[in-house]
Amino acid sequence: MTSEQWSAAVRLLWGPPAKPARGPKRGLTLDGIALAGVGIADAEGLGGVSMQRVAAELAVTKMALYRYVPGKAELVALMVEAALPDPAELDEGLEAAAAAGAASAGGGWREQIGVWARGLYEGFRAHPWLLEATVGARVMGPRELGWMERALAALDGCGLSGAEAMDSVVLVAGHVRGIAEQERAMAGGAGAGAGGAGGVGGERPDAQLVVMLGEVLRTHGDDYPALAAALGSVARQGGQDQALLYGLERILDGLGLLVERRGR
C-alpha cells in the first residue's frame with residue numbers, strides 16, 4: 001500500500017462514515033460494496049475482483065463507486081473486514097466444547113487457542129482468497145484486530161512476555177495458514193471459490209495425496225521404504241486428514257511446557 005492508500009484504508013475501516021464529496025444523494029454503503037466484492041472473490045478468487053466488476057454488480061458506474069472507495073487496495077481491506085467471522089462467534093465454540101465435556105466453562109488458555117485456531121481455519125475455508133488478502137503490510141480493521149485480541153487475551157496470565165505471546169499467536173496462525181494454503185492449492189489454487197478446499201472429486205486433500213502417492217509407490221515403493229511403510233500404516237489404521245489438529249496439538253503441547261516453566 002502507498003501512504004495515500006494506507007490513510008484511505010484507515011479512514012474507511014476506522015473512521016466515521018464519510019459522505020461523498022460531490023454528486024447525487026448517497027445511494028451505496030461501504031458494507032454493501034464490501035459484500036459485493038466478497039461475493040465475486042468467493043466465486044472467482046481475488047483476481048476476479050476489480051472496481052469495474054464490483055460497480056457492475058451494484059448496478060452503478062465505476063466512477064460512482066470511486067466516490068465511496070478510492071481503489072482496489074482499499075476495497076480489499078473492506079472485503080477482509082466483511083468476510084472474517086465475528087470474533088464473538090468463538091464464544092459459541094467454547095460453549096459447545098464445554099457442553100461436550102472437551103473444555104471447562106469459559107475454557108483454559110489451551111481450549112481457547114484451540115477454538116481460535118479452528119475458527120480461523122474455517123474462515124479461510126469459507127473464503128480462500130483471505131489467504132492472499134491477509135499478508136504483507138496493510139491496515140487491519142476492527143474485526144481482524146479483534147481476532148488478534150482474542151488470542152492474546154487467552155494467553156494472558158500464562159507468564160509469557162508480550163513478545164512470546166505475540167510469537168505464539170503467529171506460530172499457531174502460521175500452522176493454520178499452511179494447512180489452509182495446501183488445501184487451497186490442491187483444490188484449484190487462487191481461483192478456488194468459497195469452501196473450495198475439498199480436492200478433486202470432493203476428496204479431502206490429505207486423502208487425495210495418499211491415493212496419488214499410493215499409485216506411484218505400487219511400482220516404486222522399494223525406492224522409498226519409509227514412505228511406503230507410513231502410507232501402509234495409514235491404509236490399515238487410518239489417520240489421514242488430521243494434519244491441522246495434529247499439528248495444533250503438538251504446538252500447544254510445546255507452548256504448555258513453556259507456560260509450565262514460566263509458572264515455576
Main-chain N/O of G37 paired with E57 side-chain donor or acceptor, under 3.5 Å: no
Flag side-chain contact, heavy atom, 4.5 Å: R261 against L258: yes
Give, for atom CE of M148 and atom CE of M140, the distance between the pair rounded to the nearest 0.5 Å. 4.5 Å
Same cluster for L120 and L171 if Ile/Leu/Val/Met/Phe/Trp/Tyr side chains link at under 4.5 Å? yes
Measuring only between side-chain heavy atoms, which start at C-beta, is T134 closer than 4.5 Å to R177? yes
Working to the nearest 0.5 Å, report the span between CD of E164 and SG of C158. 11.0 Å
Verify same cluster id: Y246, I251 (apolar side-chain graph, 4.5 Å): no
Validation row: K72, V54 side chains within 4.5 angstrom (heavy atoms): no
Please report the shortest heavy-atom distance between V169 and A151, naming the atom on each side. CG2-CB, 3.7 Å
With distance as the sole test, does W14 use its side chain to make a donor-acceptor pair with the main-chain N or O of A9 at under 3.5 Å? no
Is the backbone of A229 close enough, under 3.5 Å, to the side chain of S233 for a donor and an acceptor to pair up by distance? no
State whether the number of non-hydrogen atoms from other residues, nucleotides or ligands found under 6.0 Å of D222 atom CG is greater than 12. no
Side chain of H175, backbone of L244: donor and acceptor closer than 3.5 Å? yes
So, E111 side chain and G108 main chain: donor-acceptor pair closer than 3.5 Å or not? yes
Mind listing the closest non-hydrogen atom pair of S168 and L155 along with its distance? CB-CD1, 4.0 Å
Heavy-atom closest pair, residues R143 and E81: N-OE2, 2.6 Å
Distance from L131 atom CG to E183 atom CD, nearest 0.5 Å? 10.0 Å
d(L78 CG, I33 CD1) to nearest 0.5 Å is 7.5 Å
Closest non-hydrogen contact found for F124 with A180 is CB-CB, 3.9 Å
How long is the span from the CZ atom in R150 to the CD1 atom in I113, to the nearest 0.5 Å? 11.5 Å
Working for side-chain contact (heavy atoms from CB on, under 4.5 Å), residues E144 and R138: CA-CA 12 Å; E144 189 170 4; R138 59 199 169 78; 2.6 Å; yes
Determine, stepwise, if the pair W109 / L255 fulfils side-chain contact (heavy atoms from CB on, under 4.5 Å). CA-CA 10 Å; W109 70 265; L255 185 55; 3.6 Å; yes
Between the CD atom in E132 and the CD atom in E181, the distance rounded to the nearest 0.5 Å is 8.5 Å
Could you tell me which non-hydrogen atom of L65 sits nearest to which non-hydrogen atom of A55, and how far apart they are? CD2-N, 3.8 Å
Test side chain to side chain contact (heavy atoms under 4.5 Å, CB included) applied to E74 and V10, V69, V139, the passing residue: V69
Any ion pair linking R110 and E249 (charged N to carboxylate O, less than 4.0 Å)? yes
Are L12 and M63 linked, directly or through other ILVMFWY residues, by side chains that come within less than 4.5 angstrom of each other? yes
Test side-chain contact (heavy atoms from CB on, under 4.5 Å) on V49 and E44 and set out the steps. CA-CA 8 Å; V49 177; E44 304 175 24; over 6 Å; no
Do L35 and L84 share a hydrophobic cluster, counting only Ile, Leu, Val, Met, Phe, Trp and Tyr and linking them when any side-chain heavy atoms are less than 4.5 Å apart? no
Taking every heavy atom of A133 against every heavy atom of V80, the minimum-distance pair comes out as CB-CG2, 3.7 Å
Check whether I179 and V170 end up in the same hydrophobic cluster, where Ile, Leu, Val, Met, Phe, Trp and Tyr are linked by side-chain heavy atoms less than 4.5 Å apart. no
Are any side-chain N or O atoms of W147 and backbone N or O atoms of W116, one a donor and one an acceptor, separated by less than 3.5 Å? no
